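One structure is given here, and the rest of the page talks about it.
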Amino acid sequence: MPDASPGFSLAEIAQRLGGEVVGDGAVRIREIATLAQAGPEALSFLTNPKYRAQLATTKAAAVIVGPRDRDATGLPRIVVANPYAYLARALALFNPPPALAPGIHSSAVVEDGAQVDASAAIGPLTHVARGARIGARCRIGAGCHVGEGVVLGEDCVLHAGVTIYHGCILGRRVIVHAGAVIGADGFGFAPEDGHWVKIPQIGRVVIGDDVEIGANTTIDRGALDDTVIEEGVKLDNLIQIAHNVRIGAHTVMAACVGVAGSTTIGRHCMVGGAAGIIGHLTIADNVTIAVGSFVTKSITEPGSTYTGVWSAQPHREWMRMQARLRQVEEMAQRIRALEQRIQELERKQP
Amino acid sequence: MPDASPGFSLAEIAQRLGGEVVGDGAVRIREIATLAQAGPEALSFLTNPKYRAQLATTKAAAVIVGPRDRDATGLPRIVVANPYAYLARALALFNPPPALAPGIHSSAVVEDGAQVDASAAIGPLTHVARGARIGARCRIGAGCHVGEGVVLGEDCVLHAGVTIYHGCILGRRVIVHAGAVIGADGFGFAPEDGHWVKIPQIGRVVIGDDVEIGANTTIDRGALDDTVIEEGVKLDNLIQIAHNVRIGAHTVMAACVGVAGSTTIGRHCMVGGAAGIIGHLTIADNVTIAVGSFVTKSITEPGSTYTGVWSAQPHREWMRMQARLRQVEEMAQRIRALEQRIQELERKQP
Amino acid sequence: MPDASPGFSLAEIAQRLGGEVVGDGAVRIREIATLAQAGPEALSFLTNPKYRAQLATTKAAAVIVGPRDRDATGLPRIVVANPYAYLARALALFNPPPALAPGIHSSAVVEDGAQVDASAAIGPLTHVARGARIGARCRIGAGCHVGEGVVLGEDCVLHAGVTIYHGCILGRRVIVHAGAVIGADGFGFAPEDGHWVKIPQIGRVVIGDDVEIGANTTIDRGALDDTVIEEGVKLDNLIQIAHNVRIGAHTVMAACVGVAGSTTIGRHCMVGGAAGIIGHLTIADNVTIAVGSFVTKSITEPGSTYTGVWSAQPHREWMRMQARLRQVEEMAQRIRALEQRIQELERKQP
């Protein structure tokens with residue numbers, strides 16, 4: 001990605017983001033790139049030790065390294081405790097979000113009684129219903145729907161085509177990606193005479209500060225109480241969060257995860273992609289759930305790791321493994337028969 | 001959820017929704033809440049026997065109970081055969097859908113030749129293509145697309161950002177949640193010379209009365225014939241229904257289910273979240289498919305329950321279980337060897 | 001699906017699409033239908049040998065057959081090497097896409113500095129940001145968002161409600177179905193002091209010619225480098241493609257597949273529905289991954305087939321199978337005991 005900006009000197013970067021400059025702080029940086037792809041105006045980084053050898057061959061102007069790699073290169077460098085987090089900040093410095101002029105686009109529909117902070121930007125063809133409150137510096141993209149009475153804290157970003165149903169509450173600095181749906185009805189029906197009676201879903205979705213929600217992810221409103229996403233939670237794309245779920249602060253979930261109704265997930269958990277968690281469970285803090293695993297019981301031990309996925313194998317091996325399992329019952333019978341025969345022999349033994 | 005309405009007396013509720021009032025029918029109700037959370041103006045409910053003890057401690061003004069619990073409390077109460085379905089109706093009474101004034105919002109685009117009933121409401125920034133017919137009292141949210149020739153029966157609700165492709169037919173009282181896509185092309189390609197030739201999908205999606213479709217769910221149009229969702233079906237969020245599937249009346253599917261092409265599912269089935277059903281199968285009526293299960297063969301026995309999910313376990317146990325399975329083949333060999341040795345011993349036996 | 005067009009004679013069809021006419025080329029065709037459902041003005045087809053017997057009973061006016069079935073019917077027929085691909089083309093002939101008049105709908109918002117070819121059609125309530133370039137004959141549906149600097153090659157089709165984030169590049173003849181999101185941020189966060197720091201995602205999504213992308217599918221932009229979908233790839237609905245994935249030409253994926261970050265998939269692969277592929281893997285060319293399988297290791301052998309799904313079984317059988325697996329460890333102990341006892345017996349043997 002070429003970057004037309006004048007860039008920064010290495011010293012200027014450290015001035016803004018911290019870190020100790022070792023070597024020539026005047027070297028000019030115009031972009032950020034991997035060690036392998038960096039050119040002579042790029043700042044690179046060593047965040048994964050397996051690339052350390054590339055320090056010797058990179059064409060980068062400078063690198064971000066951790067304290068352990070302070071002397072691993074002669075290039076100008078910024079030494080920091082957490083090079084990965086530093087990289088994140090450096091990328092943000094070189095790639096500021098597109099400036100969206102504050103104000104309401106002429107094609108947007110903002111209903112009477114909606115409050116939009118003067119510093120917020122409402123994109124084209126977006127609808128903000130009455131009673132909604134849009135905080136300072138929010139940026140709402142094109143084609144969104146912000147329902148009646150929705151509250152967005154300061155500095156929220158809604159990308160294009162986001163729907164937020166009536167009454168939902170977002171904290172500050174919440175980022176919602178395109179196509180996400182927040183606050184649709186939870187899935188609740190009472191059986192009666194062979195058909196289903198809809199149970200109105202009158203709770204809300206309440207989202208804390210610094211949450212990020214991926215594209216086409218859905219978070220249902222609560223049935224009676226609220227669905228709650230605590231601060232700092234990061235949800236990837238195409239995730240389903242059912243009604244009355246609570247997700248603890250700073251938990252992350254990779255794409256395609258499903259969490260069924262009324263489950264409570266702890267803080268600082270990590271849920272791998274395509275994992276499933278059934279309803280009415282409690283998951284402790286700091287739990288890791290491996291990709292593709294299906295959690296069917298509460299996990300009470302904080303910090304534990306749960307797994308449940310079978311790895312795909314060459315088709316013939318997979319079939320053989322399944323056949324083995326079918327053998328087990330027959331094997332158990334043969335063992336029983338052997339035990340009887342040997343007992344008989346032992347009995348006859350002199 | 002506070003409710004500003006004047007509310008109803010218990011007797012008024014029973015007058016509207018049925019049920020027998022036992023105790024003081026004049027008690028005023030302003031909201032509905034669980035036994036644990038109910039305040040002195042709340043109507044609560046006992047729909048799950050495990051909460052029966054809470055009848056003694058609840059602060060509710062009154063409760064909904066079944067015939068068996070008629071005398072389980074001294075609180076004013078409504079006694080009904082099906083308290084859960086009654087709760088659904090009471091919630092609807094206290095939480096009527098937001099009144100949407102009939103008419104076409106000034107920012108909506110309704111093409112010439114579309115017929116919109118005068119009692120229907122077309123939301124802001126929504127597009128209704130030519131030839132579409134919108135029935136009485138339909139409520140179409142913001143930012144929807146109703147394609148050419150689409151028919152919506154009476155009292156349908158499309159939430160924001162719904163897309164209905166050309167030619168699809170919805171019955172009466174169909175609810176479609178935000179981001180759902182009805183009638184996109186089925187996935188059909190003919191291989192030719194190392195690439196794929198698209199097979200035009202010329203069927204439709206035909207949806208019966210009283211169907212509800214969740215947020216970001218996709219239902220593909222048929223290839224030659226139609227994809228059919230019969231009356232009373234309830235689909236949760238992020239479900240994929242492929243071309244030429246037929247889902248029988250009153251079947252429910254939890255979120256993240258996928259059904260592949262040309263499969264026919266019976267009536268009154270229940271499909272758990274994240275289950276998968278491959279193509280060209282037939283599933284009988286009243287079948288239950290457990291969460292996360294993968295159905296690869298037709299299910300011919302009505303009322304049967306199918307399961308296929310492994311529960312996640314602590315990582316070490318899961319690894320040991322997988323190792324055990326690899327042992328099975330070796331164990332079979334050891335059993336064979338034991339059988340030969342014991343046969344030899346028995347032969348030598350006097 | 002009735003077709004009001006005057007239709008074509010069989011000979012006219014062959015003139016346009018190729019193939020050899022056998023029998024009366026003057027027979028008039030107004031629609032295309034299966035052998036079972038065809039009426040006297042329908043062209044039918046035999047693409048699956050299991051329907052060959054229907055050739056004798058169909059009411060079709062004519063049929064498409066392969067060379068092997070040249071003499072399997074007395075009906076007028078078109079004989080072609082690949083009847084399935086021919087069917088695709090015949091369907092396209094009889095069902096041309098809805099004519100969308102070129103031009104920008106009056107309700108669309110096209111920013112200054114966007115270039116829209118005069119032959120392209122921009123649908124109602126669609127937003128095209130500055131710097132976007134829309135190629136000749138593109139058809140963009142209602143309610144789309146085409147971000148800043150996006151490039152669409154010639155003859156692309158975006159259905160309603162598609163979002164393409166800034167900077168993404170689409171080749172020619174790309175079809176994107178409703179609700180798909182291309183170019184949302186990849187899921188990247190650096191841990192720091194118990195919270196997550198967002199890593200700006202500055203790569204793009206680059207899509208080759210003749211790609212089709214299903215409804216509500218999400219393809220994330222790259223972190224530093226691009227996410228790449230090569231020419232001819234077909235992705236079904238509700239698929240998740242993470243940042244920096246590369247999918248080789250002409251690979252197809254059925255619905256609900258998830259591919260985690262930085263994985264490279266070969267050309268001409270086939271991935272079954274709901275399969276998952278974890279990150280940082282390499283999958284060879286021509287690999288088949290069965291439905292519901294979870295790939296956790298690179299697949300190096302081209303043309304191989306991988307499987308990993310357990311079929312759902314009647315609940316009791318599934319439970320028994322799981323119980324058997326738990327027995328295996330105990331069985332291993334019993335075998336060990338038997339081996340010792342028999343050794344003892346053998347030792348004592350005269």
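What you see is a predicted model; the values in this text were computed from it and never measured. Excluded from the calculations below are hydrogen atoms, water molecules and symmetry mates; all remaining heavy atoms, backbone and side chain alike, are included. In the text below, chain A, chain B and the rest are named by the order of the sequence lines, each starting its count at 1.
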Side chain / backbone / both / neither for [X] at chain C, heavy atoms under 4.5 Å:
| X | value |
| --- | --- |
| B:Ile278 | side chain |
| B:Val309 | backbone |
| B:Thr288 | neither |
| B:His145 | side chain |
| B:Ala184 | both |

How long is the gap from [atom1] on [X] to [atom2] on [Y], to the nearest 0.5 Å?
| X | Y | atom1 | atom2 | result |
| --- | --- | --- | --- | --- |
| B:Ile289 | C:His315 | CD1 | NE2 | 14.0 Å |
| C:Gln322 | B:Thr307 | CD | OG1 | 8.5 Å |
| C:His268 | B:Trp196 | NE2 | CH2 | 9.5 Å |
| B:Leu238 | C:Asn237 | CG | CG | 11.5 Å |
| B:Glu111 | C:His105 | CD | NE2 | 6.0 Å |
| C:Gln313 | B:Thr305 | CD | OG1 | 13.5 Å |

For the interface with chain B, which of [options] has the highest count of heavy-atom pairs at distances below 4.5 Å?
| options | answer |
| --- | --- |
| C:Met319, C:Glu212, C:Met331, C:Gln37 | C:Glu212 |
| C:Leu87, C:Asp210, C:Leu125, C:Asn82 | C:Leu125 |
| C:Gly292, C:Gly179, C:Gly232 | C:Gly292 |

Taking all atoms of both residues into account, what is the closest heavy-atom pair of C:Lys234 and B:Phe189, and its distance?
CD-CE2, 3.5 Å

Most contacts with chain C, counted as non-hydrogen pairs under 4.5 angstrom, among [options]:
| options | result |
| --- | --- |
| B:Ile335, B:Leu345, B:Val295, B:Thr296 | B:Leu345 |
| B:Glu301, B:His195, B:Arg334 | B:Arg334 |
| B:Val162, B:Val197, B:Thr218, B:Thr217 | B:Thr218 |
| B:Ile299, B:Thr126, B:Ile199 | B:Ile199 |
| B:Gly194, B:Gly258, B:Ala337 | B:Gly194 |
| B:Pro191, B:Gly143, B:Gly161 | B:Pro191 |

So which residues of residues 239-246 of chain B are in contact with chain C at a heavy-atom cut-off of under 4.5 Å?
B:Ile239, B:Gln240

Proximal component of [X], with respect to chain B [non-hydrogen, under 4.5 Å]:
| X | result |
| --- | --- |
| C:Met321 | side chain |
| C:Met253 | backbone |
| C:Gln343 | both |
| C:Arg341 | neither |

Students often mix this up, so state it plainly: with edges at 30° and 60°, are the rings of B:Trp310 and C:Trp318 parallel, tilted or perpendicular?
perpendicular

Test side-chain contact (heavy atoms from CB on, under 4.5 Å) applied to C:Val328 and B:Leu325, step by step:
CA-CA 8 Å; C:Val328 170; B:Leu325 196 49; 5.8 Å; no

Quick one: which residue pairs count as a side chain to side chain donor-acceptor pair (under 3.5 Å) with a foot in residues 180-192 of chain B, not counting sequence neighbours?
B:Asp185-B:Lys198, B:Glu192-C:Arg89

So does C:Arg324 have more than 12 non-hydrogen atoms from other groups sitting under 6.0 Å from CZ?
yes

Check whether any side-chain heavy atom of B:Leu224 lies under 4.5 Å from a side-chain heavy atom of C:Leu91, and answer yes or no.
yes

Between B:Tyr165 and C:His159, is the gap from one ring center to the other below 6.0 Å?
yes

